[in-house]
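Here's the structure, in structure tokens; my notes come after.
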Amino acid sequence: MFLLRDYKDILKKIKNKKPLIHHITNYVTATDCANTVLALGASAVMADDPLEVEEVVIHSDALVLNMGTLNQQKIEAFILAGRKANDLGIPIILDPVGVGGTKLRSEALKRILKEIKVSVIRGNMSEIKHIYGIEEMTRGVDSISDSKDGGKEISKAIAQRHKCVVAITGEIDYISDGNQTFSIRNGHKMLTNITGTGCMTTSLIGVCCGATKDIFMATALAISIMGIAGERAYEDLQDKSGIGSFKVHLLDAIGGFTIELLEERGRIDGLSY
Amino acid sequence: MFLLRDYKDILKKIKNKKPLIHHITNYVTATDCANTVLALGASAVMADDPLEVEEVVIHSDALVLNMGTLNQQKIEAFILAGRKANDLGIPIILDPVGVGGTKLRSEALKRILKEIKVSVIRGNMSEIKHIYGIEEMTRGVDSISDSKDGGKEISKAIAQRHKCVVAITGEIDYISDGNQTFSIRNGHKMLTNITGTGCMTTSLIGVCCGATKDIFMATALAISIMGIAGERAYEDLQDKSGIGSFKVHLLDAIGGFTIELLEERGRIDGLSY
Amino acid sequence: MFLLRDYKDILKKIKNKKPLIHHITNYVTATDCANTVLALGASAVMADDPLEVEEVVIHSDALVLNMGTLNQQKIEAFILAGRKANDLGIPIILDPVGVGGTKLRSEALKRILKEIKVSVIRGNMSEIKHIYGIEEMTRGVDSISDSKDGGKEISKAIAQRHKCVVAITGEIDYISDGNQTFSIRNGHKMLTNITGTGCMTTSLIGVCCGATKDIFMATALAISIMGIAGERAYEDLQDKSGIGSFKVHLLDAIGGFTIELLEERGRIDGLSY
């Protein structure tokens, strides 16, 4: 299968290259994001002072911009690091945490999308809809189809507009590069019961994009890894309401991901249209 | 029993309303506080830039002001968010972490109590005594009775002065609204062996206060939840000195809290005087 | 055995004194560092606003300066807190996280070593080599011997130059006061698979130095505690790739450290030269 061959190749490259993922991120999920990156055999560096982010980017294989616990200084750091990454051809993964909730976040997002070329945007439906909405506003939002939440259409439309890969994660995940779109039905609702699984998914995308030039497949693989890890973590739980144990099992399961698990459990639909 | 009926009602409201708890907090315990909130079925948002906190408050059901890893910008955020919460009638829960230790914290506390109307103050005996002391100073601190640490008198006195609920947590917890005072004897000393259990208790108070107008009962319930969860987490421990495992079990036990457990284990004395 | 007697004495002093360790540190590993300190029976306080760090130092038994997620304000806090600690004779433990990676970090390090007298520097080989290199530059770096990575020579040379204890942690750990040098072969490579074990080791050094005036032995003991805890945590793992479980076991094993375990497992070579 074409997909498995590509995925195998990315996993092998991660093992060999041990990509370094530079995060400018929030203080709520930073520890878990770092451990997620390490679980796949890659390395993480968190650095956010505008005075040093450009130098950190130089040594990195991917740059994650996570908008949680946002502040003005972090926005400056996003722009400086992002421009440097663009100059060097280093992929940028944007997590627009909470966008739409405040002017600070909406303005920051606009500025990022204007001044930086991002490779991937990953968010939940509400965040991604906001990205869609604010830019559609003058043209109306009628173009959203009446399909369940419009995930396919929205991810495709934003991907085309920003010439990047867009991932909407939720009960069903949608990944689009504007041309092809995958939908993935792995995962478990317990993933929404602990903090940081969205951020961790974004960090996994960083790892995969840090190892290959195939940004679309890298993004899809990362989302499958998290989904399947979530399923296995839940299966391993004795106390099914135990979020402390679930988090421990989840990190274990990310570290234990194999291509065989994907072959066995992967629920991926490739939708070309 | 009147108490159980009220508690049941609050737990039901949490389930239905899934209150959103806005935290302006420290980076040491933020992850654990977020997961504690999620364990009860509520949602947490951490945001502390003065430029956005007022907007975040608007969408929230309770506001937690936690003074850990304090800095000047966070104090500005406290004031702005707190005033907005007061305007909107959103309950504010204050955790005066480390107050009395530095001028920055003592001045911040004074300013908060002067400019904002808080609904609940939760601290350990040393922090709460400091609040009592600094304002009693001109009148002397003789009014503290000679009861064991004076927990009952101090919580009541501060509750009356600031017209709020005051909770002192420790081996015995005291909760007073200035009129009635509960003392709770649940919990386990292992709770003092991991970082963040005080902050997590404050976040639980936020969840309960975000679901009901009965601030006193909400505060008492939250403290019982943490105490009983601590007992169960310790019982589940194989390695009795294992703080890593204890923390995992504690989050599990918070998520597994039920009214039946409270009925069975609750050690609550209602003291009217 | 002379070494065991000294170690026993330090452990006993930690139990009795419960030293308070002031950290100015990063937001990625702060939670784990605090819990590590608590696991040994000591206390941690994290405070980094320049307005309050001097007051916090006054109440502390050791000061940990950790350069992770560095920013300009934190550098100011380092200097203010460090000078106050020097005035009061409180030991300072420096963790030069990522030094060499950016100008901000290199300049910060230079300033710290110029304006503050540190008691211990702990880093990995790359960080410590950078400290060695920048100051050797004018004289060339030829003086590094051709022994495996030169750990012994470098730790000794920096210890002599800065009149402090230097610890290089890795597969083999080197601890030198410029006169005697220990090498320790405990630990497990799994320790490099989770974030924060370096920072946690530095915090353990803080705890041990907060309890005794014998900085060299305190540093060596702390490194043995982490190494042996790492071994035991790995042995306890069912899923040998599980970093979530490993982290839980590691905190448990730090809390369960005893002098008997050291007697049984310690792989310490004292090298005088």
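Residue numbers begin at 1 in each chain, while the letters A, B, ... track the order of the sequences. Just so you know, these numbers come straight off a predicted model, no measurement behind them.
Between the CG atom of A:Leu251 and the CD1 atom of C:Ile243 there is a distance of 5.0 Å, given to the nearest 0.5 Å. Annotation: the span from A:Leu51 atom CG to C:Glu107 atom CD amounts to 11.0 Å, rounded to 0.5 Å. Rounding to the nearest 0.5 Å gives a distance of 11.5 Å between CD1 of A:Ile254 and OG of C:Ser241.
In C:Arg185, the CZ atom is not crowded: 12 or fewer heavy atoms of neighbouring residues, nucleotides or ligands sit closer than 6.0 Å. Remark: A:Glu235 CD is packed, more than 12 non-hydrogen atoms of other residues, nucleotides or ligands lying under 6.0 Å away. Atom NZ of A:Lys17 has more than 12 neighbouring heavy atoms from other residues, nucleotides or ligands inside a 6.0 Å radius. The number of heavy atoms from other shown groups lying within 6.0 Å of NZ (C:Lys240) is above 12.
For C:Lys247, the part lying near chain A is the side chain, with the backbone staying farther off; criterion is any non-hydrogen pair under 4.5 Å. For C:Asp32, the part lying near chain A is the side chain, with the backbone staying farther off; criterion is any non-hydrogen pair under 4.5 Å. For chain A, the nearby part of C:Asn193 is the backbone; its heavy atoms alone come within less than 4.5 Å. Proximity to chain A is limited to the side chain of C:Val248, based on heavy atoms less than 4.5 angstrom apart. Within the 4.5 angstrom heavy-atom criterion, atoms from both the backbone and the side chain of A:Asn35 approach chain C.
Closest of all the heavy-atom pairs between C:Asn71 and A:Gln73 is CB-NE2, 4.5 Å.
Among the candidates C:Asn26, C:Thr31, C:Leu70, C:Thr29, the residue making the largest number of heavy-atom pairs closer than 4.5 Å to chain A is C:Leu70. Among the candidates C:Gly68, C:Ala30, C:Gly98, C:Gly242, the residue making the largest number of heavy-atom pairs closer than 4.5 Å to chain A is C:Gly242. Ranked by non-hydrogen atom pairs under 4.5 Å with chain C, the options A:His249, A:Glu54, A:His23, A:Met46 are led by A:Met46.
Side-chain atoms of A:Asp49 come within 3.5 Å of backbone atoms of C:Gln72 as a donor-acceptor pair (strictly under, hydrogens ignored).
We find that C:Arg105 and A:Glu52 are joined by a salt bridge, their nearest charged nitrogen and carboxylate oxygen being less than 4.0 Å apart.
Side-chain contact check for A:Asp48 versus C:Tyr27: some heavy-atom pair is nearer than 4.5 Å.
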